[in-house]
Amino acid sequence: MSNAPTALSLSNTTEPTVSSKGRIALAPMEGVVDAGVRQLISEIGGLDFCVTEFMRVTTELQPRRSFMKVCPELVTQSKTSTGTPVHYQLLGSDPELLAAHASKVAWYGAEVVDLNFGCPAKTVNRHKGGAVLLQTPELIHEIVSACSEALKDTNARLTAKMRLGYEDTALVFDNLKAIEEGGATELVVHARTKVEGYKPPAHWEWLAKLREASSIPIIANGEIWSLGDYDKCREISGCVDSMLGRGLLADPYLARRIVDNIEIKPTEADLSAALLIYLRRMQMDHPSKFLLARGKQWLGMMKKGLVPVDTLFDAVKTCQNSDTMFEILEQSAGKERHFIHLLPNE
Ligand SMILES: Cc1cc2nc3c(=O)[nH]c(=O)nc-3n(C[C@H](O)[C@H](O)[C@H](O)COP(=O)(O)O)c2cc1C
């Protein structure tokens, strides 16, 4: 049987129903969303910007190579090859050191520096970084003010990303104010507290309260897995712009489907084909072990989405080397596909 993929017609593609689409961003995801993922999803389309994994700022100024490792796109005006802007995220708690990193990364070419006030990881929180800072709005204000001051004479602007709180939402407006008054130009809100982790639901109604209280744009984040979720989140939150994390990894075509109003979901073959392009590109300068780990990891994220890939995941899970994984993915990608035309030619 031929392995040549077959394309289905997009008969249920209709004119967009949401009149003015806001911006759609790919969420930063440490250990997952590297430059290769940003590149591929921006090629598929529908994305207005991406954010790097965080650079952890601890005790001393990082060397140039560390900045470049987090964001190789710095050498191309902080854009993917399709021209999608890549924002540079910093995580830490020392205002002066963060400010020094902000000004350095602006010097290297970042147009937007983003501050992380949402990471729930224990190691990060133990060192007073990420979501733990939501308990001290004064420190958040100091950090944002210091970074905004450091960027004053550069072309870069400052943004931030936070959760609704640490244990509860008691300080959410204080944190919003600290970020706004500190000089951030916009704020992504992951609509959950730190203790809620990634457990559904995301509280989109809180985004509406923050938006009403805010003088800067609020970008909605949390639990957008489909076109329906996207519309519902916009309706409940009133936020124009959204940031998509796990949902966009589970379905790399989702941003494009939202923008083009394509209800039809990708097939397993569409997902395999996208994953294969990423892995083949990574193959140039990464060892087999890395490819295997990333392949299993991304498929694991696809499994949490709305396209059933359980059998494929189980087959790849037991692979001991990347060659076997490539064979399985190639066989899968040879089946029926809807979105051949959205992937770059390899
Ligand atoms: C594996 C993983 C890594 C993440 N890394 C980061 C990060 O580096 N910086 C950050 O601000 N948020 C990080 N997040 C949070 C996401 O950006 C996003 O806020 C969260 O997943 C909720 O959005 P979603 O429901 O669309 O996935 C991470 C989330 C996951 C699951």
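All ligand and atom numbering here is 1-based and tracks the order in the structure.
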*Between Asp270 and Lys265, does at least one N-O distance fall below 4.0 Å, as a salt bridge requires?*
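No, no charged N to carboxylate O under 4.0 Å.
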
*Provide the number and element of each atom of ligand 1 under 4.0 Å from a heavy atom of Glu30.*
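In order of number, 3 (C), 4 (C), 5 (N), 6 (C), 7 (C), 8 (O).
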
*Within a distance under 4.0 Å of any heavy atom of Gly222, pick out the atoms of ligand 1 and give their elements.*
23 (O), 25 (O)

_For a quick check under 3.5 Å, do Ser288 and Asn321 share a side-chain donor-acceptor pair by atom type?_
no

_Whether Glu73 and Arg38 form a salt bridge (side-chain N of Lys/Arg under 4.0 Å from carboxylate O of Asp/Glu) is what I want to check._
yes

*Distance only, no hydrogens: is a donor on one side chain within 3.5 Å (strictly under) of an acceptor on the other, for Ser42 and Thr82?*
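A donor-acceptor contact under 3.5 Å links the two side chains.
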
_Side chain or backbone, does Gly247 bring an N or O within less than 3.5 Å of an N or O on ligand 1?_
no

*Backbone of His141 reached by a side-chain donor or acceptor of Ser145 within 3.5 Å*: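 Looks like yes, one N/O pair under 3.5 Å.
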
_Just to confirm my output: which protein heavy-atom neighbour is closest to atom 21 (O) of ligand 1, and how far is it?_
Tyr198 CE2, 3.5 Å

*Below 4.0 angstrom, N of the basic side chain to O of the carboxylate: do Glu186 and Arg23 qualify?*
yes

*asked:* Salt bridge check, Glu111 against Lys79: does any charged N sit closer than 4.0 Å to a carboxylate O?
replied: yes

*Of all the atoms in ligand 1, which lie at a distance below 4.0 Å from a heavy atom belonging to Ala27?*
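In order of number, 17 (O).
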
*Taking heavy atoms and a distance under 4.0 Å, where does His190 meet ligand 1: side chain, backbone, both or neither?*
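The part of His190 near ligand 1 is the side chain, not the backbone.
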
*Do any N/O atoms on Gly245 end up under 3.5 angstrom from N/O atoms on ligand 1?*
yes

*Hey, is Lys161 touching ligand 1 through its side chain, its backbone, both or neither, going by heavy atoms under 4.0 Å?*
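Only the side chain of Lys161 comes within reach of ligand 1.
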
*More than 12 heavy atoms of other groups within 6.0 Å of Asp285 CG*: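 Atom CG in Asp285 is crowded, with more than 12 foreign heavy atoms closer than 6.0 Å.
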
*Would you mind running through ligand 1 and noting each atom that sits below 4.0 Å from a heavy atom of Arg192?*
25 (O)

*Heteroatom distance test (Glu223, ligand 1): nitrogen or oxygen, under 3.5 angstrom*: yes

*For atom 8 (O) of ligand 1, which protein heavy atom lies nearest, and how many Å away is it?*
Phe54 CD2, 3.0 Å

